[in-house]
2 protein chains.
Amino acid sequence: MKVLSNASNYGLRALLYIVSRKKQGDAYVSLREISEELDISFHFLTKTMQLLTQGDVLVSYRGPNGGIALKRPAEEIMLIEVVKILEGHDFFDTCMLGLEGCDDCNPCPVHHLWKEIKGKVKHDFATTSLAMMGQRIVSENLRLVP
Amino acid sequence: MKVLSNASNYGLRALLYIVSRKKQGDAYVSLREISEELDISFHFLTKTMQLLTQGDVLVSYRGPNGGIALKRPAEEIMLIEVVKILEGHDFFDTCMLGLEGCDDCNPCPVHHLWKEIKGKVKHDFATTSLAMMGQRIVSENLRLVP
DNA sequence: CCGATTTAAGACTATTTTATCTTATTTAAT
DNA sequence: ATTAAATAAGATAAAATAGTCTTAAATCGG
């Protein structure tokens, strides 16, 4: 039940790394550090993070001691925003059977079932901020790497 | 939030077509009919249905008036069986962030959240039979095509 | 200014998924 | 037997995803 592309996967993990990083206080976190800490291809990660920069979640800074940083407070960035940028804004509007225009008025046979699931995921993602995740990761010592 | 491959998608729709087909009574339903009715590539559908034949869900018969048929009563075939054959048997054991060995003992940051979702989908799929779906499709006149 | 560091951007390659095409093989009907 | 109808199987092609590599642009420190 793979629901996220590798790009989103890496993007989320990178953001969670930033908000749960031991060494806080740096203005910017370098992509090299993230790719090494999380064991993600540097160039691929770079491209993904560019999407988040363009998507208003990150700011980047070039040059020595440059890197990326959250553009807004971690409390204000919800998981749903990240996923929508990386997976597309129709991420939560899909039909499980791939039928166009499947909705309450014109449902597919599993619409009722899938709608509930999608709704729950959407709600979870919409109410969970990077800040909340960061706190949990630190306090419960959760992992971001294989 | 695409969770099924096109193969599973077609496979499920084909099975649902069979159990909700107007013209019941035929020993076998031809793949040509299914592919035309559901607007699915004939050859791709064929390969998918072969997996279900090998997977003990369907039987096939060649020659004139041949086709495929459920190997067991529709009441006994749960959606989960179909999905596991087409998506792999570890379909419900994945980590949302793609981390190996993510489980209750060694969870990723979204494990608790994802576990609940996976559990619900798994439960739904494990308790819904093709027969139940077929009845709903007929009685509520649900669609299987775009 | 110059060189080192770092992200940005685009070209390129590899892998997986999806789809198509061709050739068997089985079966029924004549 | 022969022909047509149907699935089985494998080769090939196209498209999407994933990953790599190279070059450009920005920034800092000397």
Side-chain angles (χ1 to χ4, degrees), chain A residues 2-15 18 26-71 86-88 90-91 94 97-98 146, chain B residues 1-15 18 26-71 86-88 91 94 97-98 146:
Chain A
K2 176 170 180 171
V3 45
L4 297 180
S5 66
N6 287 13
S8 316
N9 189 322
Y10 299 159
L12 276 175
R13 284 166 58 205
L15 292 175
I18 293 173
D26 289 351
Y28 298 97
V29 184
S30 88
L31 291 170
R32 183 65 66 184
E33 174 186 334
I34 300 175
S35 78
E36 283 173 1
E37 288 296 326
L38 299 186
D39 200 25
I40 296 172
S41 148
F42 170 73
H43 287 101
F44 195 51
L45 178 66
T46 295
K47 289 202 297 188
T48 302
M49 298 323 258
Q50 281 173 27
L51 293 175
L52 293 178
T53 303
Q54 293 157 5
D56 229 40
V57 164
L58 294 174
V59 287
S60 66
Y61 201 82
R62 301 187 195 187
N65 302 314
I68 56 175
L70 299 187
K71 186 166 187 179
L86 298 177
E87 293 286 333
D90 58 348
F91 184 64
T94 60
L97 297 180
Chain B
M1 195 168 167
K2 176 171 179 171
V3 45
L4 296 180
S5 67
N6 286 12
S8 316
N9 187 324
Y10 300 160
L12 275 176
R13 284 167 59 205
L15 292 175
I18 293 174
D26 288 352
Y28 297 97
V29 183
S30 88
L31 291 171
R32 183 65 66 182
E33 173 186 333
I34 299 175
S35 79
E36 283 172 1
E37 289 296 324
L38 300 185
D39 199 25
I40 296 171
S41 148
F42 170 73
H43 287 101
F44 194 53
L45 178 65
T46 295
K47 289 204 297 189
T48 301
M49 299 322 257
Q50 279 173 29
L51 293 175
L52 293 178
T53 303
Q54 292 157 6
D56 229 40
V57 164
L58 294 174
V59 288
S60 65
Y61 201 81
R62 301 187 197 188
N65 302 314
I68 57 176
L70 299 187
K71 186 165 185 180
L86 297 177
E87 294 286 335
F91 184 64
T94 61
L97 297 180

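A, B, ... follow the sequence lines: proteins, then strands. Residue 1 opens every chain.
For the atom pair B/Arg62 CZ and B/Ile68 CD1, the distance stands at 14.0 Å (nearest 0.5 Å). One distance of note links NE2 of B/His43 with CG of B/Leu45; it measures 11.0 Å at 0.5 Å rounding. In this structure, CD1 in B/Ile34 is found 8.5 Å from CD1 in B/Ile40, a value given to the nearest 0.5 Å.
For the pair A/Leu31 CG and D/dG19 C1', the interatomic distance rounds to 16 Å; values are reported in whole Å. Remark: P of D/dA18 and CG of A/Leu86 are 11 Å apart, rounded to the nearest angstrom. The nearest whole Å value for the distance from the CZ atom in A/Arg32 to the C1' atom in C/dA8 is 14 Å. Atom CG in A/Leu51 sits about 14 Å away from atom C1' in D/dA18, given to the nearest Å. When the P atom of D/dT17 is taken as reference, atom CD1 of A/Ile40 falls 19 Å away, rounded to whole Å.
Ring geometry for A/Tyr28 versus A/Tyr61: interplanar angle under 30°, hence parallel rather than tilted (30 to 60°).
In this structure, the side chains of B/Thr53 and B/Val59 stay at 4.5 Å or more apart for every pair of heavy atoms. Using a 4.5 Å heavy-atom threshold, the side chains of A/Leu15 and A/Leu70 count as touching. Annotation: side chain of B/Leu86 is not in contact with side chain of B/Asn9 (no heavy-atom distance under 4.5 Å). Taking the side chain as every heavy atom from C-beta outward, B/Thr46 and B/Gln50 approach each other to under 4.5 Å. Residues A/Leu31 and A/Phe42 are in side-chain contact: their nearest non-hydrogen atoms beyond the backbone lie under 4.5 Å apart. Within the 4.5 Å cutoff, side-chain heavy atoms of A/Leu97 are placed close to those of B/Arg13.
The two atoms that bring B/Ala7 and B/Thr48 nearest to each other are O-CG2, 3.4 Å, heavy atoms only.
Within the nucleic acid shown, A/Glu33 has no heavy atom closer than 4.0 Å to any nucleic acid atom.
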Please produce a list of atom pairs where a protein N or O lies less than 3.5 Å from an N or O of nucleotides 25-28 of chain C.
from: C/dT25; atom 1: O2; to: B/Arg62; atom 2: NH1; distance (Å): 2.7
from: C/dT26; atom 1: O4'; to: B/Arg62; atom 2: NH1; distance (Å): 3.4
from: C/dT27; atom 1: O3'; to: B/Tyr61; atom 2: OH; distance (Å): 3.0
from: C/dA28; atom 1: OP1; to: B/Tyr61; atom 2: OH; distance (Å): 2.9

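For the pair B/Ser60 and D/dA6, the criterion of a side-chain N or O lying under 4.0 Å from OP1 or OP2 is not met. Note on B/Gln54: a side-chain N or O is less than 4.0 Å away from OP1 or OP2 of D/dA9. Remark: A/Gln50 is in phosphate contact with C/dA9, judged by side-chain N or O atoms under 4.0 Å from OP1 or OP2.
Comparing the end axes of the helix from C/dC1-D/dG30 to C/dT30-D/dA1, each fitted to five base pairs by superposing C1' atoms of four pairs onto the next four, gives an inter-axis angle of 0° (nearest 10 degrees).
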*Per-nucleotide protein contact string for nucleotides 12-23 of chain C, where B marks a base within reach and S marks sugar-phosphate only (heavy atoms under 4.0 Å, - for neither)*: ------SBBBB-

